[in-house]
Amino acid sequence: MSDANDPMAEIRASFFIECEELMEAMQDGLTTLDEGDDDPETINVVFRAVHSIKGGAGAFGLEALVRFAHRYETALDDVRSNKFTPDADAMRLFFSCADHLSDLIRVCRDDDAIPDDRSAELLAQLDTLLGGAAEEEEEVSADDFEPMGVSISLDLDGLGDLPPLDFDVDDAAPMDETPCYHIRFKPEQEMFETGNEPQMLLRNLAALGEATIECDLRDLPPLEALAAETSYLSWDITLIADVDEAEIREIFEFVDGLCELSVRRAGSDTDAPAVTAPIETSSDGFADLPEPPATVPDDPDVPVAAAPAPVAAALAPSAPSAAPAPEEKTARKPAPAKAAGAAANGPKSVVRVDLERIERLVNLVGELVINQAMLSQSLEQAGLSPHSDAMNGLEEFQRLTRDIQDSVMMIRAQPVKSLFQRMSRIVRESSAGVGKNVRLVTVGEGTEVDKTVIERLADPLTHMIRNAVDHGLESTEDRRAAGKSAEGIVTLSAAHRSGRVIIEVSDDGAGINRKRVLEIATNKGLVPADASLTDSDIDNLLFAPGFSTASEVSDLSGRGVGMDVVKTAIQSLGGRITITSEAGKGTKFSISLPLTLAVLDGMVVNVADETLVVPLNVVVETLSLGAADVEMLRPGKYIVRVRGEFVPLFDLGVELGYREARDSYVGAIVLLIAYEDGARAALIIDGIQDQRQVVIKGLDDSFFRAPGIAAATILGDGQIALILDPADIIAEASGASRTEALSA
Amino acid sequence: MSLNILAVDDSRTMRDMIRLALVPVGFTVHLADDGLHGLEVLDGLEPDVIITDINMPRMDGFGFIDAVRDQDDHRATPILVLTTESSAELKMRARNAGATGWIVKPFDPAKLVKALQMVAG
């Protein structure tokens, strides 16, 4: 079976996707349980998730996973059946087990080495928690879950309600002749209520060899006394077959306890008469009993699902007369996946699509947007009336393009829930690491964000959460001393706000120790010793490269990664990160991200003969400056008055290095820019061309990161334009001016 | 002998496995996600054998077997329970609900086929 078309490989991949979904349901359930929910369905959901993971893992021979899931499942079953009520410690263990289960799944998926120590450790804890039962369970699990092996056969254990039958002959020396069995079978009435048919059982029995079947009618009452629901018949069967007793009993496995059954092997002295005829027949040479008709593939090794073709090939040369057989086999060999799809009712209306295909679609839609913009431009240049059919049609085209784009983006959007769930694990692990009692509160889990964004947020968010637990929150003693609850709270929230996604990580800790931060920054030479910085300036020093080093970070949030790396990661997503902190109340990091990485609504502007795009969502209004509006603070530093409020003024051409500063800004056009945190600034531009949707084309990594430039796009006329990140430009400009001020 | 099978299991992986085991040997397989869905799919269907899981949301396997047996059309339809537990107690419960037999997961595809053929008669 080639790997490419191996249906098992496909199912295996699908199994791991299902595992992710199950783990998500499980995390949800555990969290709900932890919050004190006592709805029985909650624990059922958790139990079923583990159970399904175990079942699937067994099918793929993932024994480590099966073993762990089995014991965990047993523990959950105890909760389910009210044998055990979990306290806080038990819940913590359950969470740890869930985390470990998730690790095991990943390890199995990637064929990595299995961390056995952790399994053993957690299993031991489960044993301690729930007491005993472990050994017995282990045994059961070992028996039950041989990969692809165990099935309906020989499953006679646990059915002890039948008295042991005559096994005396079993130990007799093996005989050369084909064995002969006497079987008596009398169904009880209940057997008929389970869908088992005597006729079918007898036929299966006959298929084993040469059978003589007699129906015993002795118990049948006269018609007037006959009760329709009562079973009166019994059968005596003589079977000559090269099988052992277990195989015969296997046929009756499902009706064990629902019938009277005796199986005795002839040939022992206890059992002489009544079998003369069959024994005589047996001398006719039953050594090679004909296989029973096609129904039962007796050899369990025949790979039913896989290899009809080789069978046909093997048959062809030796037995040309058997031509129909190969044909029949070939006919029975549909391409599994296709046939399966056609024959089966699909599971719910969900389609799994390769991410690459979606990426392709997103790119194509991007091209469509560009194309539409080009078309729009050429029609305008051709001087068509805005009321012409062509222009009306174009308008409709624009609307459709936008709808398609929204729909495509929706395909890529995913709730942030899975990301948040991962963070709850980070909180558990990191709080245990530093001995703090921490609870994670999540808000807005349903907020949908582009899949790529979610994936790329995982690392920065992990770091921020660790930081919050490690540095943000005080020790339990300090919290008590400050009159706070011993349990620290880290809040992780997501929301859509003015066309962006806002993700916030906040803690209710002591707030940033600004004195200490300034001290560190000064010691490291990040700011001059005599600098006078605002609170916000100091807070932002946390993002300065080189602020955080291994010498002063704990083993938790450390690993040599500072908040500057987090900031860079967020910026590479077209996002911004801000920090606010209040002494004694806590610290909040706020990340603002574009909804999508693919398109944005932009304002196309001219600056020093360059065409640039400013994201529309930050532009509050456009103004033309009058003489009275601008005030110079000092040379090169201006502010502008906007409705009684003073806003810093920056010349985009100067900041981007396109030109020298002008002498006068009277009459200049400015864009008033605002950010999520309410801060504002005014940017001087030379002219506004248009507002339109642009497709974001990332700048290749081979470009160095240019400050203030977020990405690039292709405009309708085919021209390439840079997309600005105004906040970055202003931060750069302010930073520069502040450094100037400081050193002045 | 081609059989018409209804398989009810909440695990997608398990449903895929069943399909993979049965479709290539020429069986027609209908799938359902849980007991209630199973009853919906069963409506108007005449399966030769029904396979059902036990632990499922909304309606579990016991409830499903009960409900199937309540339908005159399916009083005698063979029902195999697909279970990871091989405990006698579970088998007795399944049988009391009206199950014909059981298959222990993970199953060997060939043996699943064999078991289905055996009970289908």
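In what follows, chains are A, B, ... by sequence order, proteins preceding strands, each numbered from 1. Both backbone and side-chain heavy atoms feed into the values below; hydrogens, waters and symmetry mates do not.
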To the nearest 0.5 Å, how far apart are [atom1] in [X] and [atom2] in [Y]?
X: A/Phe254; Y: B/Ile103; atom1: CZ; atom2: CD1; answer: 6.0 Å
X: A/Glu18; Y: B/Met14; atom1: CD; atom2: CE; answer: 8.5 Å
X: B/Thr13; Y: A/Arg12; atom1: OG1; atom2: CZ; answer: 11.5 Å
X: A/Met191; Y: B/Thr100; atom1: CE; atom2: OG1; answer: 9.5 Å
X: A/Ile53; Y: B/Ser11; atom1: CD1; atom2: OG; answer: 9.5 Å

Could you tell me if the side chain of [Y] sits less than 4.5 Å from the side chain of [X], heavy atoms only?
X: A/Glu253; Y: B/Trp102; value: yes
X: A/Ser52; Y: B/Asp10; value: yes
X: B/Met17; Y: A/Phe60; value: yes

Next item on the list: Can you sort out the partners of A/Glu41 under salt bridge (Lys or Arg N to Asp or Glu O under 4.0 Å), two or more places apart, ordered by chain and number?
Entry: A/Arg48
Item checked: Donor-acceptor pair, side chain of B/Asp16 and main chain of A/Ile11, under 3.5 angstrom ->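 Checking the backbone N and O of A/Ile11 against the side chain of B/Asp16, no donor-acceptor pair under 3.5 Å is found.
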Item checked: Residue pair B/Arg95 / A/Thr194: nearest heavy atoms and the distance that separates them -> O-CG2, 3.8 Å
Tell me which donor-acceptor pairs under 3.5 Å the side chains of residues 38-54 of chain B have, and how far apart each pair is, sequence neighbours excluded?
unit_1, atom_1, unit_2, atom_2, d
B/Asp48, OD2, B/Asn4, N, 2.7
B/Asp53, OD1, B/Lys105, NZ, 3.2

Next item on the list: Please flag which part of B/Ile65 lies under 4.5 Å from any non-hydrogen atom of chain A: side chain, backbone, both or neither.
Entry: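 Contact with chain A: none, neither part.
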Notebook entry, point to check: Taking NZ, NE, NH1 and NH2 as the nitrogens, is one of them in A/Glu21 or B/Arg12 under 4.0 Å from a carboxylate oxygen of the other?
Noted result: yes
Next item on the list: Would you mind checking which part of A/Ile17 comes under 4.5 Å of any heavy atom in chain B, side chain (CB onward), backbone (N, CA, C, O), both or neither?
Entry: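 For A/Ile17, backbone and side chain are both near chain B.
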